[in-house]
Amino acid sequence: MKKVVTIQPITRLEGHGKISIFLDETGNVKDAYYQVVEFRGFERFCIGRPVEEMPIITPRICGVCPWAHHMASAKAVDAVYGAELPKTAKKIREMAYNIFYIHDHSAVFYALSAPDFVVGPDAPRAERNILGLIGKIGLETGKKVINARMVATKLLEKLAGRAIIPTCAVPGGVSKPLTEDDRKEIEEGAKKLVDFSQFTLKIFEDVVLKNQKYLDLIMGDVYKHETYYMGLVDEKGLVNYYDGKVRVVDPKGRIYTEFHPKDYLNHIGEHVETWTYLKFPYLKSLGWKGIVDGETSGVYRVGPLGRLNVADGFATPLAQEAYEKFKEILGKPAHATLGYHWARVIEILNAAERVLELSKDPDITGKDFRVPLTNTPSEGVGIVEAPRGTLIHHYKTDQNGILTDVNLIVATTHNNAGICMSVKKASQQLIRGGNVNDGLLNMIEMAFRAYDPCLACGTHALPGQMPLDVCIYDANGRLVVEIKRP
Amino acid sequence: MNKPRLAIIPGANCAGCDYSLLDLGEKVIEVLMAVDIAYWPTAADLKLEDLEKLPDGSIDLVLFEGAVNNDETEEMAKLARRKAKNLIAFGACACFGGIPGLANVASKDGILRKAYIKSLSTVNQQGTIPCKLTRLDGIELTIPEFLESVKSLDQVVNVDYYLPGCPPPLKLVAEALTAALSGKLPPKGTVFGSMKSVCDDCKRIREDKKITEIKRYHQLIPDPERCLFEQGIICMGPATRGGCDAVCPTVNVPCRGCMGPTPGSQDQGARMLSALSSVIGLEVETGVSDEEVRKLILQVKDPLGTFYRYSLPKSIMRRVWGVRE
Amino acid sequence: MVENFEPNIVVFACNWCSYAGMDLAGTSRIQYPHNLKVIRVMCSGRINPVYILEAFANGADGVLVTGCHPGDCHYISGNYKTRKRIILLERLLEQFGIEKERLRLEWVSASEGEKFANIAKEFVEQIRKLGPNHIAKELRKEVAVV
Ligand code: SF4
Ligand code: SF4
Ligand code: SF4
Ligand code: FES
């Protein structure tokens, strides 16, 4: 008896990822595959385009994290021209980027993570969505969430014309300076966002940390992987989303290596499999050992958990306080995959604090918002931390600034092996002797969802219900059992 | 009471159109209350089978988001057409191919080889490339197969309405949804957007001056009041349908044409070519040699990738032919 | 080179000079190739680039655009605009994978019947050497809407 369990988020025909689980003769899980079925070919079709166009072309890689591509791209173009940005430009970019973090992370938290915990991992399916969440936490709170998101949306529109697919960063700076009125509005908004983030953190602490069952779930072996971690840190070793050097820590939490973004090729390689459009990045010095964790495997993870594991802390006080608690409970490095959720909430707070800080910075309304780029262009790398992890844009051009080579390693790609492992481990623990039950769906879903894999983009916006079908096929591909969500 | 049925179906997209619906704020809730969701992966737990089970033509409104670039999105497009009473191409990708449509500058093979073999960070001596079917131990894993050319939705199936933009401006989305839900849809074939160009919405000052030098966007800080085009920066405003309130020029960034061609023009690039030819040059060109004119014109670095940024598959030529890589 | 290849050429001619020049060639019995499909327009400035793209998309192997000499356009600057369009269009065609030699712009006055005939001959030969334009066939394969 050889069986395949196929879990296709969304549907068989579309959606950007699907999960296939292989059972052995005894009905236990032999292997699991997380397949990404989407591919658009940016690396090729951007060649021949003028490099300054990249900050508006690449946000179309992903409508959920367009700002990350926008910023990584602008930074890469700056580097192609060897430009040094004026401080106002840098600060406006960083501020906008932090607002985007709140916008994105909070949507993910409320729509995707919270229902699992607040409503409960084993609550009826129909309630495990944002409406069920509102049912639990009250309509007032629900409104608060929507309002906070609107605050962030409005601020992003102010800075970039629109919140989704921005036109804020331009090569050499930002598209426009900020007036004192803009600044005041941002400061007001930022105060609300700090409140909102504290409130969000409190929900997480009240609901999750005070519940031993959830804590056990988080700390349990089902969701644990001892891997390397990667993320940007600033010159003090603190979490920074917009800029810094790349740090890698080993599974023991020791600094394994640190490098300047431009040297990423010395450290990261990518492996290709035929069954997924997503590559598998790994640490070159350790080599590709397959989809496995541990100290000898080159597999590393990125994202909120990765960032908290590599950094020495946060530069803002409230987030730092929350981080201390995080470390105390989950340890450092925290290998608990579900720790991603907690890390994300702390980052919302950090981002809000940083926006408030920057909104009060006198430089923010400076006149030096942009410099013309005049050097001869050649090659440049731009790295930012996308909400889902390290994002690398690397461009090469001819002397006219026409692209001759483009390399992109997007956040979710770094996590590809991690996601595959998490899915496999969760299913191995749950599928025994060919028995598949509804609880499995949620458990696997939770393993997968913690990463908030961007390539399953469409699935995490509104009520955060990722539809899953589990189909068990026999060796001839005949459907034997089908479990459907109510 | 029978509520109208709504479905949102993604193709080769970035999910930005879909995701931007969230920024409709309360309007989203209104819409959700007023409709029966037949399929909307973002919001509702419904399966493809549920969609397939519905009688043909029974979904009042289907928004298809994204271009068509692989065999599975092609099937989805056909399914969307069968089930839809009204099929809307939602966003630049569905309307004209959008940014993913730029893949038509290259061959399918070239695209795959670039990403999986020739990319700088890939270590792939065996030359492994993802493929439709992988057999592992007697088990089959499938992924969709990339098409030779990326297509707009209406190159695969008939489309009733177009809602352009990348993503579509929220006020146009609201307009389309309101029209559909109140049963007051305009005549088939309507494009939601203005009947004029982006320039007509743009507040920047135009002096009807000729330009004698094309400047690249990174080379200068444009005057914040004056028309970007007249400052030498190529702006797609004149060749692009309005309706977005000229958001990009408003924040000093040139329009790149995401609303598609102006009403009545079928090929956005050709339209832009004409517009550029009128603006560029000297007031009096008697005595100016062909060579001089050529030098001026060839400052336009990437006409194809600029003029057809969002509409290459929908252009008369559709793609670059005979690509050798 | 393809055997027996007879190029399919589209000629755009402005009413006032070039078409008259072509007429003159005809009435003076100057021989010029028969494989020209001539489209008369009021002014070369009225030739929408779409016409030219459509011509190639529909199987033209070459497109010859003719207009009044610089300074002679009856609408003052139509031909200057055309000159700019054609240069840009050549660049665009190249990017589309169509040899820019398939498109040509010439100034022909009403009295230049012989010049027209020579240009036409030369252009037909040039296209003959380039061979057929395959794009139209390929394009038709792509057009199939359910
Ligand atoms: S039209 Fe733009 S926002 Fe919409 S899916 Fe396409 S790239 Fe994304
Ligand atoms: S060309 Fe661009 S900047 Fe000028 S008026 Fe039109 S849209 Fe505005
Ligand atoms: S200005 Fe142009 S690129 Fe910007 S949104 Fe409008 S149509 Fe799209
Ligand atoms: S009238 Fe002959 S070119 Fe204008």
Side-chain angles (χ1 to χ4, degrees), chain A residues 2 4 10-15 20 22 33 35 37 39-41 43-45 48-50 52 56-57 60-64 66 150 153 161-165 167 171-172 175-176 265 268-272 274-277 370 372-373 394 402 407 409 457-459 461-463 465 467 469 485, chain B residues 10 12 14-20 22-23 25 41-43 45-48 69 72-73 75-76 99-100 102-103 105-106 110-111 114-116 119-124 128-131 134 138-139 141 143-144 146 166-167 216-221 247-248 250-253 256 301-302 305:
Chain A
K2 200 170 278 173
V4 185
I10 314 171
T11 70
R12 176 182 308 274
L13 274 174
E14 56 82 33
S20 298
F22 292 71
Y33 294 86
Q35 293 175 275
V37 300
F39 173 66
R40 279 165 295 161
E43 290 95 335
R44 171 62 189 84
F45 69 64
R49 315 281 79 80
E52 71 272 17
I56 35 182
I57 294 178
R60 273 77 183 188
I61 291 171
C62 173
V64 177
M150 282 320 273
T153 302
R162 53 185 167 192
I164 299 217
I165 313 276
T167 40
S175 59
K176 62 180 176 78
L265 283 175
I268 303 173
E270 287 185 289
H271 170 81
V272 180
T274 54
W275 45 268
T276 177
Y277 279 120
R370 187 173 167 188
L373 305 185
H394 180 187
I402 302 298
N407 196 34
I409 308 181
C457 277
T459 61
L462 259 183
Q465 186 114 295
D469 271 3
R485 284 277 157 73
Chain B
C14 81
C17 293
D18 199 338
Y19 202 58
S20 73
L22 278 190
D23 291 331
T42 307
D45 185 8
L46 288 149
K47 302 291 175 303
L48 187 61
N69 75 347
E72 291 188 3
T73 51
E75 283 312 309
M76 279 314 274
I99 295 286
L102 276 178
V105 303
I111 285 175
K114 174 69 211 163
Y116 298 103
S119 109
L120 291 167
S121 46
T122 305
V123 182
N124 185 4
T128 307
I129 286 185
C131 57
T134 303
I139 287 157
L141 287 170
I143 50 175
F146 211 61
C166 181
R216 305 254 305 263
Y217 181 58
H218 61 282
Q219 292 168 331
L220 76 164
I221 301 173
V247 275
C248 303
T250 304
V251 292
N252 299 328
V253 174
R256 282 296 171 257
K301 283 295 172 240
D302 173 30

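To find a chain, count down the sequence lines: A is the first, B the second, and so on, and within it residues start at 1.
Per-residue counts of heavy-atom pairs under 4.5 Å with chain A were compared for B/Val105, B/Ile99, B/Val247; the largest is that of B/Ile99. If you tally non-hydrogen atom pairs under 4.5 Å between each of B/Ser20, B/Ala103, B/Gly305, B/Pro100 and chain A, the highest count goes to B/Ala103. With respect to chain B, the highest number of heavy-atom pairs below 4.5 Å among A/His394, A/Glu270, A/Glu43, A/Lys176 belongs to A/Glu270. Ranked by non-hydrogen atom pairs under 4.5 Å with chain A, the options B/Val251, B/Leu220, B/Thr250, B/Asn124 are led by B/Val251.
If you take OG1 on A/Thr167 and CG on B/Asn252, they are separated by 9.5 Å, rounding to the nearest 0.5 Å. The NZ atom of B/Lys114 sits 9.0 Å away from the CZ atom of A/Arg44 when rounded to the nearest 0.5 Å. Atom OG of B/Ser121 sits about 7.5 Å away from atom CD1 of A/Ile268, to the nearest 0.5 Å. The line from OG1 of B/Thr122 to CG of A/Asn407 is 6.5 Å long, rounded to the nearest 0.5 Å. The structure places CD1 of A/Ile409 at 9.5 Å from CG of B/Leu120, a figure rounded to the nearest 0.5 Å. Here A/Thr276 contributes atom OG1 and B/Leu141 contributes atom CG; the two are 9.5 Å apart, rounded to the nearest 0.5 Å.
For B/Leu102, the parts lying near chain A are the backbone and the side chain together; criterion is any non-hydrogen pair under 4.5 Å. Looking at A/Pro66, there are no atoms closer than 4.5 Å to chain B (heavy atoms on both sides), in backbone or side chain. Residue contact with chain A, scored on non-hydrogen atoms closer than 4.5 Å, involves the backbone of B/Ile129 exclusively. Heavy atoms closer than 4.5 Å to chain A are found in the side chain of B/Val253, but not in its backbone.
In this structure, B/Asn69 and A/Arg40 approach most closely via the heavy-atom pair ND2-CG, 3.7 Å. Closest approach of B/His218 and A/Arg370 over heavy atoms only: CA-NH2, 3.9 Å.
The backbone N or O of A/Tyr277 sits less than 3.5 Å from a side-chain atom of B/Tyr116, completing a donor-acceptor pair. Judged by distance alone, with hydrogens and angles left aside, the side-chain atoms of A/Arg60 form a donor-acceptor pair with the main-chain N or O of B/Cys166 at under 3.5 Å.
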